[in-house]
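By convention here, the first residue in the shown sequence is residue 1.
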Amino acid sequence: MAKTINFKSAVLLPLMLLLSVFLFFMPTDWFGIEGLTLVQQRTIALFVFAACMWIIEAVPAWATSIITMVLLIFTVSNGAFSFFTTGENVGTLVSYKDFMAQFASPTIMLFMGGFVLAIAATKVGLDVVLAKVLLAPFGTNPKRVLLGILLVVAVFSMFMSNTATAAMMLAFLAPVLKNLPADGKGRIGLALAIPIGANIGGIGTPIGTPPNVIALGFLKENLGIEVSFLDWCMRMVPYVLVMLLIAWACLLFFFPFKAKEIKLEINADRKKDFHFWVVAATFVLTIALWLIPERITNLNSNEVALIPFAIFVATGVFTKKDFAEINWDVLWMVAGGLALGTALMKTGLAKVLVETIPFGSMSPLIVILVSGIVGYAIANFLSHTSAANLLLPILATVASAIDLSAFGGSAALLIGLAISTSVAMILPISTPPNAIASSTGLVETKDMAKMGIIMGIVGLILGYSVLVFVGF
């Protein structure tokens with residue numbers, strides 16, 4: 001371990017810093033991107049800095065996020081040092097408030113609500129009760145329990161927010177993780193089952209994740225192609241099941257269980273008191289509101305996540321001491337990732353980079369393949385929704401101008417983009433469920449990256465095979 005730390009500190013860290021500084025101060029013409037502004041150039045440099053730091057883990061991920069956010073504020077915002085905000089070709093400065101707002105963004109509130117729900121469930125013993133009920137069909141064999149968690153997370157994720165699903169499952173999974181040997185790798189696999197199940201499961205239905213909805217909207221409004229709920233599910237649910245089985249096999253291979261069985265014991269001395277029933281009722285209420293479509297309640301999942309917070313504080317379930325249990329480092333890590341995404345979008349850099357790709361001059365097959373790879377790459381650093389919002393308008397225009405009938409048609413291009421963004425999960429900041437898995441303290445970035453790359457490659461190949469050879 002000491003050699004690894006020394007290598008990171010003595011070799012990788014200086015090289016990464018030199019590369020970032022080089023990119024920061026080089027003339028904009030050097031990049032070969034027409035119309036690149038100074039603000040966009042600085043964003044490229046900070047993007048490279050953050051990505052390298054998250055990958056090599058020279059410092060903790062949350063520390064990288066904080067450093068990145070501070071650097072963004074002082075170099076690319078309207079509150080930056082004066083010499084960064086004046087002169088020629090500065091470009092569009094981002095409001096410093098937009099960066100600071102990420103510390104209390106709706107996503108952060110959803111995370112916090114999920115953490116509070118999990119803390120309260122553990123505090124009153126509800127987590128063990130729920131885990132026993134939910135995992136009872138899968139027995140006590142750790143391998144089957146792992147498969148059960150993947151399936152349960154995926155099913156919930158088909159109908160509710162991926163982040164909300166992951167936050168909810170954190171409460172279910174806590175007692176299972178505690179029951180496994182500390183020196184075994186199986187706990188890592190169980191923790192990774194949360195983001196894998198959530199990200200993959202969302203592909204199963206048209207409403208499972210925002211990129212699906214956005215892709216279908218462009219197909220219908222721009223190209224006159226309507227895909228029904230049933231048509232989508234008939235193709236994507238089998239895809240999800242195959243992906244989950246592949247994930248299950250990979251998790252068992254890389255993170256084998258040391259324990260022969262998982263037994264969840266309920267403490268008979270613990271009485272189901274007032275606080276227990278408050279937490280139980282709030283759990284049911286929260287999940288119900290997450291499952292009910294927003295058009296009915298007018299409440300989004302971020303708002304709903306604050307309900308348990310308020311109830312637990314009002315009833316004394318959650319006290320001042322419990323605040324220490326919240327994974328603040330994960331919240332800061334996610335905030336930094338959101339801030340970087342804000343910089344990419346609001347400086348116009350993301351759009352400039354995408355528009356440099358000559359989709360119009362490519363063959364239909366290459367357009368489909370390149371769009372998937374680009375979508376996957378961007379979605380690992382931007383939110384999946386932002387990546388879809390950025391690319392789908394461009395791809396809808398491309399689809400109307402070229403003949404894609406031999407390769408699954410326009411649906412293959414646009415729905416393929418939705419799939420490619422959903423299977424992007426190589427870093428803790430790639431998607432909120434990844435960050436929630438990171439909050440367990442069991443998953444290292446290298447483990448997440450290993451599974452993320454495998455699931456990404458397999459997901460792209462399998463997804464585009466379904467779209468091109470089965471079609472809509």
Start with the C-alpha distance between Ile108 and Phe103, add both sets of side-chain angles, then the distance that settles side chain to side chain contact (heavy atoms under 4.5 Å, CB included), and finish with yes or no.
-> CA-CA 7 Å; Ile108 296 297; Phe103 289 122; over 6 Å; no

Output, in order, the C-alpha distance, side-chain angles, deciding distance and verdict of side chain to side chain contact (heavy atoms under 4.5 Å, CB included) for Phe47 and Thr68.
-> CA-CA 8 Å; Phe47 177 88; Thr68 302; over 6 Å; no

Given Val466 and Met236, is the side chain to side chain contact (heavy atoms under 4.5 Å, CB included) satisfied, shown in steps?
-> CA-CA 8 Å; Val466 171; Met236 291 297 109; 3.9 Å; yes

Do Phe115 and Leu331 pass the side chain to side chain contact (heavy atoms under 4.5 Å, CB included) test, and can you show the C-alpha distance, the side-chain angles, and the key distance before you say yes or no?
-> CA-CA 10 Å; Phe115 287 149; Leu331 297 180; 3.9 Å; yes

Could you go step by step and tell me if Ser422 and Asn199 meet the side-chain hydrogen bond (donor to acceptor under 3.5 Å, both in side chains) rule?
-> CA-CA 6 Å; Ser422 293; Asn199 293 324; over 6 Å; no

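Shown here is Asp273, whose CG atom has more than 12 heavy atoms of other residues, nucleotides or ligands within 6.0 Å. Within 6.0 Å of the NZ atom in Lys143, the count of heavy atoms belonging to other residues, nucleotides or ligands does not exceed 12. Around the CH2 atom of Trp62, the shell of radius 6.0 Å holds no more than 12 heavy atoms that belong to other residues, nucleotides or ligands.
To the nearest 0.5 Å, atoms CE (Met451) and CD1 (Ile426) are separated by 13.5 Å. Rounded to the nearest 0.5 angstrom, Ile368 CD1 and Leu414 CG are separated by 10.5 Å. Going from atom OG1 of Thr209 over to atom CD1 of Ile203 covers 8.0 Å, rounded to the nearest 0.5 Å. Here Ile200 contributes atom CD1 and Ile419 contributes atom CD1; the two are 9.5 Å apart, rounded to the nearest 0.5 Å. Thr282 contributes atom OG1, which lies 9.5 Å from atom CD1 of Ile307 (distance to the nearest 0.5 angstrom). One finds the CG atom of Leu427 at 11.5 Å from the OG1 atom of Thr431 (value rounded to the nearest 0.5 Å).
Summarising the geometry of Ile454 relative to Cys250, their closest heavy-atom pair is CG2-SG, 3.9 Å, with the distance given to 0.1 Å. Nearest heavy-atom pair across Gly139 and Val145 is O-CG2, 3.6 Å. When all heavy atoms of Gly197 and Leu244 are compared, the closest pair comes out as CA-CD2, 4.2 Å.
In terms of modelled atom types and a separation under 3.5 Å, the side chain of Ser430 and the main chain of Asn380 share a donor-acceptor contact.
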Residues 344-354 side chain polar contacts: donor-acceptor under 3.5 Å, at least two apart:
| residue | atom | partner | partner atom | Å |
| --- | --- | --- | --- | --- |
| Lys346 | NZ | Asp98 | OD2 | 3.0 |
| Thr347 | OG1 | Ala343 | O | 2.6 |
| Thr347 | OG1 | Leu349 | N | 3.3 |

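In this structure, Trp290 has its ring center at least 6.0 angstrom away from the ring center of Phe156.
Note on ring orientation: taking the six-membered ring where Trp is involved, the planes of Phe309 and Phe323 are tilted (angle from 30° to 60°).
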